[in-house]
Amino acid sequence: MSKDNKSGGKAATDPSAKDTHYANLRRAHRDAKRERGEIPTPQPQKRRRGAEDWKPPALAPDQVYLYGLHTVRAALDNPERKKIKLFTTQNALTRLEIDVETLGIPFEIVSPHEIDKVLGPEAIHQGVMLETRPLPVRRLEALKDSPLLLVLDQVTDPHNVGAIMRSAVAFNAGAVITTQRHSPTESGVLAKSASGALELIPYIQITNLADALGELHKLGFSTIGLDSEGPAPLEGTFSGDKVALVLGSEGKGLRQKTRETVNALARLDMPGAIKSLNVSNAAAIALYAARLYLKP
């Protein structure tokens with residue numbers, strides 16, 4: 001027995017290296033499930049300290065910080081995304097599985113604490129942060145050939161909007177359209193919640209929702225507003241060959257002007273004791289129903 005073992009040290013055959021390997025595999029599997037929204041994110045107050053002392057750095061209007069392995073990898077793969085600089089821990093760089101020789105932008109190996117100072121102690125950044133410019137602005141007229149759109153009437157929570165974007169991508173919607181006021185702008189929180197979907201679907205912010213709905217009508221879209229007291233079930237309300245689903249805010253639902261502007265109001269019939277759903281859940285169900293209708 002070695003001297004280390006006599007004094008309580010580790011033997012050459014100590015299983016800690018194997019344990020560390022399997023711990024890393026479990027962590028990677030858990031992170032992947034969390035990125036896909038299959039398991040919840042830990043509550044920030046249980047994860048990090050110092051949130052009350054952190055102050056966000058001042059950002060330029062064209063400066064966006066994205067974070068999280070899946071989010072950053074999707075942004076790096078998006079040719080329309082203007083990338084400025086990658087900040088990553090050595091471990092995260094390995095897990096990103098990218099070739100730094102062909103990255104094409106500056107990158108810096110940093111500690112998790114250095115990323116915390118930019119994003120705050122509550123951000124689950126997984127050791128990677130990407131400085132970028134916002135995605136190019138899209139116009140409604142560019143969506144005339146898409147048969148399915150999703151319109152949000154002042155949905156304010158970026159986590160909800162991110163989840164909605166994932167569903168919109170899953171059901172091959174052409175865009176998520178929302179208002180400039182009372183809606184989240186492109187940000188790290190939105191992108192992390194969307195888990196890569198922000199890079200895969202246009203996120204269009206318009207000034208006046210009623211005017212935008214009128215423009216969609218001219219482009220041939222049938223607009224359907226989701227309302228818990230709608231006069232008919234959603235599945236019996238579809239018409240035409242292009243559909244724009246309109247969902248209201250988390251608390252107030254559709255605004256009166258929006259209700260007056262859409263072609264039809266419809267409800268999601270729920271036979272159970274609960275008669276209302278989170279807006280992101282309602283969006284997923286409505287997108288599924290619309291896809292069934294549009295299916296050739």
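For this chain, numbers begin at 1 and follow the sequence in order. Only this structure's heavy atoms are used, side chains among them; waters, hydrogens and symmetry mates stay out.
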>> I'd like to know if the side chain of T156 and the backbone of S183 have a donor-acceptor N/O pair within less than 3.5 Å.
In response: no
> Minimum heavy-atom separation for A282 to L277, with atom names?
Replying inline: N-CB, 4.3 Å
>> Here's a test for you: under side-chain hydrogen bond (donor to acceptor under 3.5 Å, both in side chains), which of K83, Q63, R81 qualifies with T132?
In response: R81
>> Is there a path of hydrophobic side-chain contacts, each under 4.5 Å between heavy atoms, that joins L148 and L152?
In response: yes
>> Side chains of H182 and S249 only: does a donor on one sit below 3.5 Å from an acceptor on the other?
In response: no
> Can you tell me how far CE of M165 sits from OG1 of T178, rounded to the nearest 0.5 angstrom?
Replying inline: 10.0 Å
>> If you define the side chain from C-beta out and look only at heavy atoms, does anything of L130 sit under 4.5 Å from F87?
In response: no
>> Please find the pair of heavy atoms, one from A197 and one from V169, that lie closest to each other, and give the distance.
In response: CB-CG2, 3.8 Å
> Got a donor-acceptor contact below 3.5 angstrom from the H125 side chain to the G68 backbone?
Replying inline: no
> In Å, rounded to the nearest 0.5 Å, how long is the span from CD of Q180 to CG of L209?
Replying inline: 11.5 Å
>> For a 4.5 angstrom cut-off between non-hydrogen side-chain atoms, does P231 reach L265?
In response: yes
>> Restricting to non-hydrogen atoms, name the atom on A74 and the atom on G196 that form the minimum distance, rounded to 0.1 Å.
In response: CB-CA, 3.7 Å
> What's the verdict on side-chain contact (heavy atoms from CB on, under 4.5 Å) for V118 and M129, showing C-alpha distance, side-chain angles and the deciding distance?
Replying inline: CA-CA 9 Å; V118 178; M129 177 178 72; 3.8 Å; yes
> What are the two closest non-hydrogen atoms of V279 and G248, and how far apart are they?
Replying inline: CG2-O, 3.6 Å
> Should D211 and T261 be marked as a side-chain contact (heavy atoms from CB on, under 4.5 Å) after you check the CA-CA gap, both sets of side-chain angles, and the distance that decides it?
Replying inline: CA-CA 9 Å; D211 290 346; T261 307; over 6 Å; no
> Are the side chain of S195 and the backbone of A191 linked by a donor-acceptor contact shorter than 3.5 Å?
Replying inline: no
> Do the side chain of T102 and the main chain of D99 share a donor and acceptor less than 3.5 angstrom apart?
Replying inline: yes
>> Is there a side-chain contact between L76 and R73 in this structure, where contact means two heavy atoms from C-beta onward sitting under 4.5 Å apart?
In response: no
>> Quick check: is Y288 connected to M270 through a chain of hydrophobic side chains (ILVMFWY, heavy atoms under 4.5 Å apart)?
In response: yes
> Okay, side chain of N263, backbone of T223: is any donor-acceptor separation there less than 3.5 Å?
Replying inline: yes
> Are any non-hydrogen side-chain atoms of T185 and V64 less than 4.5 angstrom apart?
Replying inline: no
>> Please find the pair of heavy atoms, one from A168 and one from I201, that lie closest to each other, and give the distance.
In response: CB-CD1, 3.6 Å
>> Checking R259 against E229 for the salt bridge (charged side-chain N to carboxylate O under 4.0 Å, His left out) test, could you report, in this order, the C-alpha distance in whole Å, the side-chain angles of both residues, the deciding distance, and whether it holds?
In response: CA-CA 12 Å; R259 294 165 57 89; E229 299 180 359; over 6 Å; no
> So, S280 versus N278: side-chain donor-acceptor pair below 3.5 Å or not?
Replying inline: yes
>> Would you compute the distance between atom CZ of R166 and atom CG of L200 and round it to the nearest 0.5 angstrom?
In response: 10.0 Å
> Taking only residues two or more places apart in sequence or in another chain, which ones pass side chain to side chain donor-acceptor pair (under 3.5 Å) with D269?
Replying inline: R267
>> Please report the interatomic distance CD1(I98) to OG1(T88), rounded to the nearest 0.5 Å.
In response: 7.0 Å
> Is there a donor-acceptor pair closer than 3.5 Å between any side-chain N or O of T258 and the backbone N or O of L254?
Replying inline: no
>> Quick check on the hydrophobic clustering: are I164 and L213 connected, directly or via other members, by side-chain heavy-atom contacts under 4.5 Å?
In response: no
>> Would you say L292 ends up clustered with F171 if hydrophobic residues are merged whenever their side chains have heavy atoms under 4.5 Å apart, either directly or through other cluster members?
In response: yes
> If you draw a 6.0 Å radius around CZ in R181, do more than 12 non-hydrogen atoms from other residues or ligands fall strictly inside?
Replying inline: no
> Out of curiosity, I115 CD1 to Y65 OH, how far, rounded to the nearest 0.5 Å?
Replying inline: 11.0 Å
>> What I'd like to find out is whether the side chain of E108 reaches to under 4.5 Å of the side chain of L86, using heavy atoms alone.
In response: no
>> Closer than 3.5 angstrom, by distance alone: can the side chain of K242 be matched with the main-chain N or O of L216 as a donor-acceptor pair?
In response: no
> If you look at every heavy atom in L294 and V243, which pair is closest and at what distance?
Replying inline: CD2-CG2, 4.2 Å
> Are L226 and L149 joined in one hydrophobic group, where the rule is that I, L, V, M, F, W and Y side chains link up if heavy atoms are under 4.5 Å apart?
Replying inline: no
>> Does anything in residues 151-162 form a salt bridge (Lys or Arg N to Asp or Glu O under 4.0 Å)? List the pairs, not counting sequence neighbours.
In response: D153-R255
>> Do V262 and I224 have side chains that approach each other closer than 4.5 Å (heavy atoms only, starting at C-beta)?
In response: no
> Can you tell me how far CD of Q205 sits from CZ of R138, rounded to the nearest 0.5 angstrom?
Replying inline: 13.5 Å
> Is any side-chain heavy atom of V128 closer than 4.5 Å to a side-chain heavy atom of T71?
Replying inline: no
>> Does V151 form a side-chain contact (heavy atoms from CB on, under 4.5 Å) with V176? I'd like the steps, not just the answer.
In response: CA-CA 6 Å; V151 183; V176 174; over 6 Å; no
>> Any salt bridge linking K218 with E141? Criterion: basic side-chain nitrogen under 4.0 Å from a carboxylate oxygen.
In response: no
>> Main chain of L69, side chain of Q126: is a donor-acceptor contact present, judged purely on distance under 3.5 Å?
In response: yes
>> Using the rule given for side-chain contact (heavy atoms from CB on, under 4.5 Å), can you reason through Y203 versus V137, listing the C-alpha separation, both sets of side-chain angles and the distance that settles it, and then say yes or no?
In response: CA-CA 8 Å; Y203 182 57; V137 175; over 6 Å; no
> Does a side-chain heavy-atom distance below 4.5 Å link V246 with L150?
Replying inline: no
